[in-house]
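Presented below is the structure to which this report refers.
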Amino acid sequence: MLTLFSCIGTASFAPQMVLEEAELMHNIVEIDISRGAHRSPEYLSINPSGKIPALKLENGTVMTEASAICLFLADLHQLSEIAPGPSDPDRPLFLKTLIYLATSVQDQYKRYYYPERYSTDASNAQNIRDRAVELLGEVWAPLEEHLDANGPYCLGPRHSVADTYLVMLASWYPDQDGFRHRFPSIARCFDLVAERPIIKAGLDRQHVISVGRKDAGS
Ligand SMILES: N[C@@H](CCC(=O)N[C@@H](CS)C(=O)NCC(=O)O)C(=O)O
């Protein structure tokens with residue numbers, strides 16, 4: 001059976017939603033970042049980088065990178081409803097959007113949540129966080145423009161895993177009210193996706209954004 005090593009309020013959200021929405025048999029192993037469980041010898045033996053998520057396949061292979069896990073599961077189980085396949089005309093936009101989210105957008109959150117990793121001088125932390133918020137605004141802006149013109153979902157009328165990924169990353173934004181005000185079309189997409197019962201339940205469970213726990217270590 002598939003095993004997802006996961007933690008509430010982290011990048012395991014999207015793969016977990018794919019597993020649950022597609023009703024794929026799986027186990028969830030909670031790795032509590034706030035207790036440093038991602039640095040335990042047990043978890044490091046599974047994923048030496050200590051990052052979450054990791055997916056252990058039935059043959060023992062361990063896969064990391066949340067977006068890659070989503071794509072892998074979609075390909076393996078032919079989840080073409082939520083992930084357009086190779087010959088689907090929506091595939092280029094789907095891949096472009098998912099990869100943009102997983103790289104350009106996701107990366108800026110690291111600066112916000114782990115500022116100490118971006119300077120040798122601890123006193124720079126607040127500046128790095130402030131700049132990260134500016135940069136987050138810059139990287140979310142093209143998605144707002146796209147959804148405003150072509151929404152309500154990333155693929156227009158059609159929901160996909162790219163929207164689930166968008167919801168995950170939007171939920172990490174530090175000022176949710178400000179985000180919704182500045183990016184109304186992203187908020188609209190978020191709300192539509194959050195109507196899906198499994199996503200709604202996943203968001204309801206997400207009482208804390210663990211990616212940003214100060215005790216998560218650096
Ligand atoms: N690019 C990786 C990022 C994984 C990642 O950084 N996960 C965070 C939680 S969202 C984590 O494990 N943080 C703990 C740490 O960096 O020490 C992915 O998308 O899976």
Side-chain angles (χ1 to χ4, degrees), residues 2-20 26 28-57 61-76 82-83 94-119 122 125 128-129 132-133 135-136 139-140 143 154 160-174 176 179 199 202-203 205-218:
L2 297 166
T3 301
L4 183 70
F5 296 86
S6 146
C7 177
I8 300 281
T10 71
S12 55
F13 179 89
Q16 187 166 344
M17 294 302 98
V18 173
L19 287 165
E20 290 186 12
H26 65 280
I28 297 286
V29 175
E30 279 292 329
I31 302 294
D32 189 348
I33 284 192
S34 72
R35 292 172 184 270
H38 60 313
R39 300 282 164 81
S40 68
E42 292 79 16
Y43 187 61
L44 291 175
S45 73
I46 291 154
N47 180 7
S49 79
K51 306 280 188 208
I52 291 165
L55 181 75
K56 191 166 183 190
L57 310 184
T61 299
V62 174
M63 219 192 141
T64 58
E65 294 302 323
S67 52
I69 293 171
C70 292
L71 284 172
F72 171 78
L73 291 172
D75 286 351
L76 190 64
I82 56 168
F94 168 67
L95 285 181
K96 180 197 113 165
T97 309
L98 182 63
I99 301 304
Y100 179 78
L101 284 163
T103 54
S104 302
V105 179
Q106 192 169 336
D107 207 46
Q108 294 308 335
Y109 282 101
K110 287 192 193 151
R111 288 172 200 278
Y112 181 81
Y113 284 117
Y114 302 110
E116 67 282 358
R117 295 181 184 174
Y118 290 86
S119 175
I128 292 168
R129 288 191 115 190
V133 172
L135 291 168
L136 275 168
V139 292
W140 276 113
L143 280 160
C154 293
S160 72
V161 173
D163 304 309
T164 307
Y165 217 90
L166 174 148
V167 163
M168 176 178 85
L169 297 182
S171 76
W172 297 352
Y173 196 85
Q176 286 291 306
F179 185 81
I199 308 267
L203 286 169
R205 283 195 301 268
Q206 192 174 260
H207 52 86
V208 62
I209 302 301
S210 302
V211 64
R213 294 293 289 264
K214 291 315 293 171
D215 39 8
S218 58

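In listed order, ligands and their atoms are each counted from 1.
- Taking each heavy atom of Met17 and Thr164 in turn, the nearest pair found is CB-CG2, 3.8 Å.
- Contact annotation: for Met168 versus ligand 1, there are no heavy atoms closer than 4.0 Å.
- Looking at ligand 1, you'll find an N or O of Glu65 within less than 3.5 Å of one of its N or O atoms.
- Residues Ile128 and Pro115 come closest through the heavy atom pair CD1-O, 3.5 Å.
- Val18 places none of its side-chain heavy atoms less than 4.5 Å from the side chain of Ile69.
- Between the choices Lys110, Arg39, Gln106, the shortest heavy-atom distance to atom 17 (O) of ligand 1 belongs to Arg39.
- Within the 4.5 Å cutoff, the side chain of Phe13 has no heavy atoms near those of the Tyr165 side chain.
- In the candidate list Tyr113, Tyr114, Phe13, Tyr114 is nearest to atom 13 (N) of ligand 1, counting heavy atoms.
- Interface of Ala11 with ligand 1, defined as ligand atoms under 4.0 Å from a residue heavy atom, comprises 10 (S).
- A distance-only check finds no donor-acceptor pair linking the side chain of Tyr109 to the backbone of Leu136 [under 3.5 Å].
- Short contacts between ligand 1 and Ala66, defined as distances under 4.0 Å to a heavy atom of the residue, involve ligand atoms 18 (C), 19 (O), 20 (O).
- A search for ring pair (Phe, Tyr, Trp, His ring centres under 6.0 Å) contacts involving Phe5 returns Tyr43, not counting sequence neighbours.
- Short contacts between ligand 1 and Pro53, defined as distances under 4.0 Å to a heavy atom of the residue, involve ligand atoms 20 (O).
- Counting only non-hydrogen atoms, the option in Ile31, Asn47, Thr10, Ile52 that gets closest to atom 8 (C) of ligand 1 is Ile52.
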Checking salt bridge (charged side-chain N to carboxylate O under 4.0 Å, His left out) for the pair Glu30/Arg205: CA distance, chi angles, key distance, verdict?
CA-CA 13 Å; Glu30 279 292 329; Arg205 283 195 301 268; over 6 Å; no
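- Contacts between Arg117 and ligand 1 below 4.0 angstrom, taking non-hydrogen atoms only, involve the side chain exclusively.
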